[in-house]
**Q** 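Before we start, here is the structure in question, set down as structure tokens.
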Amino acid sequence: MSLEITYKDLLSIQQARELIAKAKEAFLEYKNYSQEQVDKIVRAMFEAGYEASERLAKLAVEETGIGKWEDKKLKNEFATKFTYESIKNLKTVGVINYDKSKRVVEIAEPMGVISALIPTTNPTSTAMFKALICAKTRNALVVSPHPRAVKSTYEAIQIMQTAAEKAGAPRNLFQCMTEVTIEGTMELLKHRDVSLILATGSTQMVKMVYSIGKPAYGVGSGNVPAFIERTANIKKAVADIIFGKTFDYGTLCSAENAVVCDSPIREQVIYEFKKRGAHFCNPDEKEKLEKIILTPQGGINPEIVGKPAAYIAQKAGFSVPEQTTVLIAELEGVGKQYPLSAENLSPILAFYTVDGWREGCHKCIELLEFGGLGHTMVIHSSDPDIITKFALEKPAFRVLVNTVAALGAVGYTTGLDPSMTLGPGTLGHSIISENVTARHLIQIKRLAYELLPLHDIEGNRIQSSNAKRFHTSTTETKDIKSILEEIEERIRLKAGNPPVSTGTKLESTTDERKTKIYGSGITEEEIEKIIRDFQSKYPGR
């Protein structure tokens, strides 16, 4: 007699286990695909996701009430097209490098089943981004969406899976939980068949992920300072900052959070902000804003995340014109006693006036230390020496110059790797300081040949004083080249094979071996012959 599961936490745990089991089965098949097969699948996924960008953007805003669909559409296009363009030529199958001088062959290996957390602020773009980089690296993916964004995240993953399957990928390679609870998500993250966690979300959530003990790539909070130095192009600097802070209503963690203004240009900067629709709060308005920006526990108030400036002002208890772009509050300090100095993920900016780049430097460090260590900062300046000083001295791993921080950090307006997952390094309690992309999801197996022999061909010990590091001869180079070709051929022959069975394997008969077809029309008997020929040609290898 079977018992029906009625408790949501148990349903969620059961679903996590089922999805992981299906993902593992798909992975065991997909890991044998060739580079050509993988690249065909990745291209199909990019095209499908890009085409659905607007529909998914509208669905995300409708479901979550966060941000602007027009900007979410751009996020979706970025997460698919920019990501695809950056990884399409990356080799992720078979031999990916051979160092002649060191005689080391590097072979790409997938990681396995990857679990991922998807934030409510970017529910479709982050999901598609993670599916693409997993597809490129022959990994399977199971995501846990934010409870407020289940429908939109699920739809994004379904679009990726459907496109991948039509292009030849296994079923169930990319999956999304629909019964989302803390218990189910923890099961997904802790499960023994999960190899890696991709965590994008709040700082508290990322800390929890690292406490699990599994390999993980985590992000961190932004609290991005934007320094406008006295030599800056003021009009462009202000335009960039407003664009970054109003893009999807400030929901990117790389969005500008505080303006640090050099005193000689203060009045010009304020004038430009006001000209572009910014509202500078008076003391009473600032006090009201401080009361709603954070929760009693000190976290970001979810009721203001991704909302327009006029909505936030009304919620705080004062009114501003509907077309107001950002709310700006002038502050004297940084820290818990100044709530507006914290990251807010909405169109609210803190404003500081400093005297010179050194004081500006210290203020930016204060802001980063309060809630954005290792993440991002931007400097607007035309002085190369000051720009260099900022790059060397700031505790941020993305120091952007004269651009929109929100989009520069993710690689839209800069040459950084396109990514929706930005590592803050050990400063931000993460193992990675880069923009996470496909190359971070492959493992590298190394085939290393002897360089410094300890024995001669007769097995006699070579004296250390006579030992010399080996230099590859033409003959040996040819041998290694043959091995490289053989590795590539084996991968080609394995491509598309069914997954390895976990049950009892029955021996094939001679007739079955002759007729069973693998890969591109080759029988099991022919595969065995190739292996025998290889072993006789390279005994012991």
Side-chain angles (χ1 to χ4, degrees), residues 19 22-53 56 76-96 107-116 124-143 153-176 195-196 198 417-420 436-443 488 490-500 518-521:
L19 295 183
K22 291 177 182 178
K24 184 179 179 181
E25 184 179 358
F27 163 72
L28 290 174
E29 179 178 348
Y30 191 51
K31 71 175 186 177
N32 293 320
Y33 277 36
S34 69
Q35 188 72 67
E36 292 73 22
Q37 288 174 303
V38 166
D39 290 346
K40 179 183 176 183
I41 289 164
V42 172
R43 181 176 181 84
M45 291 170 64
F46 137 63
E47 289 175 344
Y50 187 83
E51 185 179 346
S53 291
L56 288 174
N76 291 335
E77 291 172 346
F78 166 78
T80 51
K81 186 175 183 179
F82 275 59
T83 299
Y84 174 73
E85 291 295 333
S86 71
I87 66 175
K88 67 179 182 181
N89 296 322
L90 182 67
K91 196 165 186 342
T92 57
V93 181
V95 177
I96 58 174
I107 304 166
E109 289 287 333
M111 289 186 168
V113 177
I114 293 175
S115 64
T124 56
S125 53
T126 301
M128 292 193 291
F129 163 73
K130 290 182 177 180
L132 275 173
I133 61 176
C134 283
K136 181 66 177 181
T137 49
R138 293 177 295 156
N139 294 300
L141 175 71
V142 183
V143 307
T153 300
Y154 177 81
E155 183 63 18
I157 291 296
Q158 283 298 105
I159 287 169
M160 294 282 101
Q161 174 60 37
T162 301
E165 216 171 316
K166 285 182 180 178
R171 292 182 62 192
N172 304 315
L173 194 61
F174 311 109
Q175 298 180 84
C176 176
S195 301
L196 178 78
L198 282 176
D417 287 332
S419 179
M420 297 300 291
V436 176
T437 187
R439 71 173 184 276
H440 298 107
L441 301 187
I442 57 172
Q443 302 175 103
E488 293 293 338
R490 286 193 179 201
I491 290 169
R492 187 185 71 78
L493 295 176
K494 283 199 307 180
N497 281 2
V500 178
Y518 290 88
S520 302

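Computed from heavy atoms alone, side chains included, the values below leave out hydrogens, waters and symmetry copies.
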**Q** If you look at every heavy atom in Pro110 and Gln443, which pair is closest and at what distance?
**A**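 In this case the closest contact between Pro110 and Gln443 is O-NE2, 2.9 Å.
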**Q** How many angstroms lie between atom CD of Glu109 and atom NZ of Lys31, to the nearest 0.5 angstrom?
**A**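 Those atoms lie 8.0 Å apart.
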**Q** What distance separates Lys81 NZ from Lys88 NZ, expressed to the nearest 0.5 Å?
**A**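 Spacing of NZ (Lys81) from NZ (Lys88) equals 9.5 Å.
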**Q** I need the minimum non-hydrogen distance between Met45 and Ala135, along with the two atoms involved.
**A**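 Looks like SD-CB, 3.5 Å.
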**Q** Between Phe174 and Cys134, is there a side-chain heavy-atom distance shorter than 4.5 Å?
**A**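 They are in contact (side-chain heavy atoms under 4.5 Å apart), so the answer is yes.
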**Q** Tell me whether Ser53 contacts the main-chain N or O of Tyr50 through its side chain, where contact means a donor paired with an acceptor under 3.5 Å.
**A**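 A pair under 3.5 Å: yes.
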**Q** Out of curiosity, Met160 CE to Leu173 CG, how far, rounded to the nearest 0.5 Å?
**A**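 It is 12.0 Å, given to the nearest 0.5 Å.
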**Q** Between Lys130 and Val143, is there a side-chain heavy-atom distance shorter than 4.5 Å?
**A**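 In short, these two side chains do not touch, never coming nearer than 4.5 Å.
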**Q** Please determine whether the number of non-hydrogen atoms from other residues, nucleotides or ligands lying under 6.0 Å from atom OH of Tyr154 exceeds 12.
**A**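 No, the 6.0 Å shell around OH holds no more than 12 heavy atoms from other groups.
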**Q** Say you draw a straight line from CD1 of Ile87 to CG of Asp39; how long is it, rounded to the nearest 0.5 Å?
**A**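 Ile87 CD1 to Asp39 CG: 9.0 Å, rounded to 0.5 Å.
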**Q** Taking C-beta and beyond as the side chain, do Met128 and Asn76 meet within less than 4.5 Å on heavy atoms?
**A**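 Result yes, sub-4.5 Å side-chain heavy-atom pair found.
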**Q** Which pair of heavy atoms, one from Ala79 and one from Leu132, lies closest together, and at what distance?
**A**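 Heavy-atom minimum between the residues: O-CD1, 3.6 Å.
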**Q** Hey, what do you get for CD (Glu165) to CG (Asn172), rounding to the nearest 0.5 Å?
**A**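 If we round to the nearest 0.5 Å, Glu165:CD and Asn172:CG are 7.5 Å apart.
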**Q** Do Val93 and Gln37 have side chains that approach each other closer than 4.5 Å (heavy atoms only, starting at C-beta)?
**A**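 They are not in side-chain contact.
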**Q** Supply the atom-to-atom distance His440 NE2 to Met111 CE, rounded to the nearest 0.5 angstrom.
**A**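 That separation rounds to 9.5 Å.
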**Q** Could you give me the CA-CA distance, side-chain angles and deciding distance for Gln175 and Gln161, then say whether side-chain contact (heavy atoms from CB on, under 4.5 Å) is met?
**A** CA-CA 8 Å; Gln175 298 180 84; Gln161 174 60 37; 5.8 Å; no
**Q** Can you give me the closest heavy-atom contact between Val436 and Phe129, atom names plus distance?
**A**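 Val436 and Phe129 have their closest heavy atoms at O-CZ, 3.1 Å.
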**Q** Is the closest basic N to carboxylate O distance between Arg43 and Glu47 below 4.0 Å?
**A**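 A salt bridge is present here (some side-chain N lies under 4.0 Å from a carboxylate O).
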**Q** Show the numbers, then the answer: is there a side-chain contact (heavy atoms from CB on, under 4.5 Å) between Ile96 and Ile442?
**A** CA-CA 11 Å; Ile96 58 174; Ile442 57 172; 4.2 Å; yes
**Q** If we ignore angles and hydrogens, is there a donor and acceptor under 3.5 Å between the side chains of Asn139 and Thr137?
**A**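 Thr137 and Asn139 do have a side-chain donor-acceptor pair below 3.5 Å.
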**Q** Minimum heavy-atom separation for Ala140 and Ala23, please, with both atom names.
**A**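 In this case the closest contact between Ala140 and Ala23 is CB-O, 3.5 Å.
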**Q** Take Leu441 and Leu198, measure what side-chain contact (heavy atoms from CB on, under 4.5 Å) needs, and give me the verdict at the end.
**A** CA-CA 10 Å; Leu441 301 187; Leu198 282 176; 4.3 Å; yes
**Q** Taking the six-membered ring for Trp and the single ring otherwise, decide whether the centroids of Tyr33 and Tyr30 are under 6.0 Å apart.
**A**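 Here the rings of Tyr30 and Tyr33 have centres that are less than 6.0 Å from each other.
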**Q** Which heavy atom of Ser125 sits nearest a heavy atom of Met420, and at what distance?
**A**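 Here Ser125 and Met420 meet closest at OG-CE, 3.4 Å.
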**Q** Side chains of Thr83 and Phe46: does their closest heavy-atom pair fall under 4.5 Å?
**A**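 No. Closest side-chain heavy atoms not under 4.5 Å.
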**Q** Within the 4.5 Å heavy-atom criterion, are Pro418 and Thr437 side-chain neighbours or not?
**A**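 Side-chain contact under 4.5 Å: no.
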